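Report on the following structure.
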Amino acid sequence: MTEDILISVKGLHALNDAEDEQEQEIEVFSAGKYYFKNGKHYILYEEQSEEDGFIIKNRITLKNDCLEVQKKGLIDSKMIFEQDKKNTSWYNTPFGNLLAGTTVTDMSVKEADDLIDIHVKYELEVNYERVADCCIQIKVMAKDSGLFHITES
C-alpha cells in the first residue's frame, strides 16, 4: 500500500425505537495517508462537518482483529471494535458527553497490495441503553490503484 490513499467509510445504523425502526446511512470519501509501523496499519484522514464546516481529524488503527477509530475536533471519541467483546468509551460532542458501548457481532478484514477492506457489525449502546444495530465498512485504496469508483444506489 502506498502512503497516499483514498478512503471510503460507510456506516449504517438501524435505530431501535419502540415505535418504528429507522435506518440512517452515512458515507464519507476522503484522501488520506497510510502507514504501517510495528505491525499496525494507520489510516489518517480529515472530514468536514456538514452543519458548520468544522474539520474532524480521524485516525484508524488496525492490528490483527482490533479496529480503533479515533476522532478529534468538534467531536472527540475513541471507539474500539473487537470480535465478541464489549468496549466502552466517552463520545464527546458540543451538546455533552455520552458513554458509548460497542459489542461486535461480526468482523472481517481483507488485505491486498492496494486495498484494505474492513466490515464490522456491532450493537451500539449509549449510556448503557442499547440504541442501534450498526454496520461500518471501511475501504482503503492506494490513490493510484484505480480501485476507487463511485456508484449511484
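In this text, all values refer to a predicted model and were calculated from it rather than measured experimentally. Sequential numbering from 1 along the given sequence is applied to the chain's residues.
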**Report entry** Same cluster (ILVMFWY, side-chain, under 4.5 Å), Tyr128 and Trp90
**Finding:** yes
Report summary line: Rounded to the nearest 0.5 angstrom, the CG-OH distance for Asp114 and Tyr34 is 11.0 Å
Query raised in the report: Between Leu124 and Cys134, which heavy-atom pair has the shortest distance, and what is it?
Result: CB-SG, 3.9 Å
Requested in this report: Check the pair Phe36, His41 against side chain to side chain contact (heavy atoms under 4.5 Å, CB included), reporting the backbone distance first and the verdict last.
Outcome: CA-CA 5 Å; Phe36 186 79; His41 301 273; 3.5 Å; yes
Requested in this report: Quick one: list whatever passes side chain to side chain contact (heavy atoms under 4.5 Å, CB included) with Asp65, sequence neighbours left out.
Outcome: none
Report summary line: Rounding to 0.5 Å, atoms CD1 (Ile136) and CZ (Phe81) come to a distance of 5.5 Å
Query - Closest non-hydrogen atom pair between Ile5 and Thr2, with its separation - result: CG2-O, 3.6 Å
Query raised in the report: What are the two closest non-hydrogen atoms of Gly32 and Tyr45, and how far apart are they?
Result: CA-CB, 4.2 Å
Report summary line: In this structure, CD of Glu46 is separated from NZ of Lys57 (nearest 0.5 Å) by 5.0 Å
Query raised in the report: Got a donor-acceptor contact below 3.5 angstrom from the Gln48 side chain to the Gly53 backbone?
Result: yes
Query raised in the report: Under the side chain to side chain contact (heavy atoms under 4.5 Å, CB included) criterion, do Val28 and Asn58 qualify, and how do the steps go?
Result: CA-CA 12 Å; Val28 174; Asn58 297 280; over 6 Å; no
Query - Cationic N near anionic O, under 4.0 Å, Asp76 to Lys71 - result: no
Query - Worked check of side chain to side chain contact (heavy atoms under 4.5 Å, CB included) between Asp4 and Lys33 - result: CA-CA 5 Å; Asp4 293 321; Lys33 297 289 184 186; 2.4 Å; yes
Query - By side chain to side chain donor-acceptor pair (under 3.5 Å) - contacts of Lys85 (at least two apart) - result: none
Query raised in the report: Does CG in Asp113 sit with more than 12 non-hydrogen atoms of other residues, nucleotides or ligands closer than 6.0 Å?
Result: no
Query raised in the report: Quick one: hydrophobic cluster around Ile80, which other residues, with the 4.5 Å side-chain cut-off, linked directly or via members?
Result: none
Query raised in the report: Got a sec, which pairs hit side-chain hydrogen bond (donor to acceptor under 3.5 Å, both in side chains) with one end in residues 93-110, sequence neighbours left out?
Result: none
Requested in this report: Begin from the C-alpha positions of Phe29 and Leu6 and carry the test side chain to side chain contact (heavy atoms under 4.5 Å, CB included) through to its verdict.
Outcome: CA-CA 7 Å; Phe29 299 100; Leu6 297 172; over 6 Å; no
Query - salt bridge (Lys or Arg N to Asp or Glu O under 4.0 Å) partners of Lys78, counting only residues at least two apart - result: Glu68
Requested in this report: State the CD-OG1 distance between Gln70 and Thr61, to the nearest 0.5 angstrom.
Outcome: 7.5 Å
Query raised in the report: Are Ile43 and Ile55 joined in one hydrophobic group, where the rule is that I, L, V, M, F, W and Y side chains link up if heavy atoms are under 4.5 Å apart?
Result: no
Query - Student check: side-chain heavy atoms of Ile138 and Leu67 closer than 4.5 Å - result: yes
**Report entry** Co-members of Tyr35 in a cluster of I, L, V, M, F, W and Y side chains, linked at under 4.5 Å
**Finding:** Tyr42, Leu44
Query - Cluster link Ile7 to Ile75, ILVMFWY, side chain under 4.5 Å - result: yes
Requested in this report: Over all heavy atoms of both residues, which pair between Lys63 and Gly39 is shortest? Give the atoms and the distance, please.
Outcome: CG-O, 3.6 Å
Requested in this report: Of all the heavy-atom pairs spanning Ala100 and Met79, show the shortest one and how long it is.
Outcome: CB-CE, 4.4 Å
Requested in this report: State yes or no: do Leu12 and Val9 share one hydrophobic cluster built from I, L, V, M, F, W and Y residues joined by side-chain heavy-atom distances below 4.5 Å, directly or via other members?
Outcome: no
Query - Gap between atom CD1 of Ile116 and atom CE of Met141 - 0.5 Å precision - result: 10.5 Å
Requested in this report: Look up atom CG in Leu74 and atom CD in Glu47, then write down how far apart they are to the nearest 0.5 Å.
Outcome: 10.5 Å
Requested in this report: Write down the atom of Cys135, the atom of Tyr122, and the distance for their closest heavy-atom approach.
Outcome: N-CE2, 4.4 Å
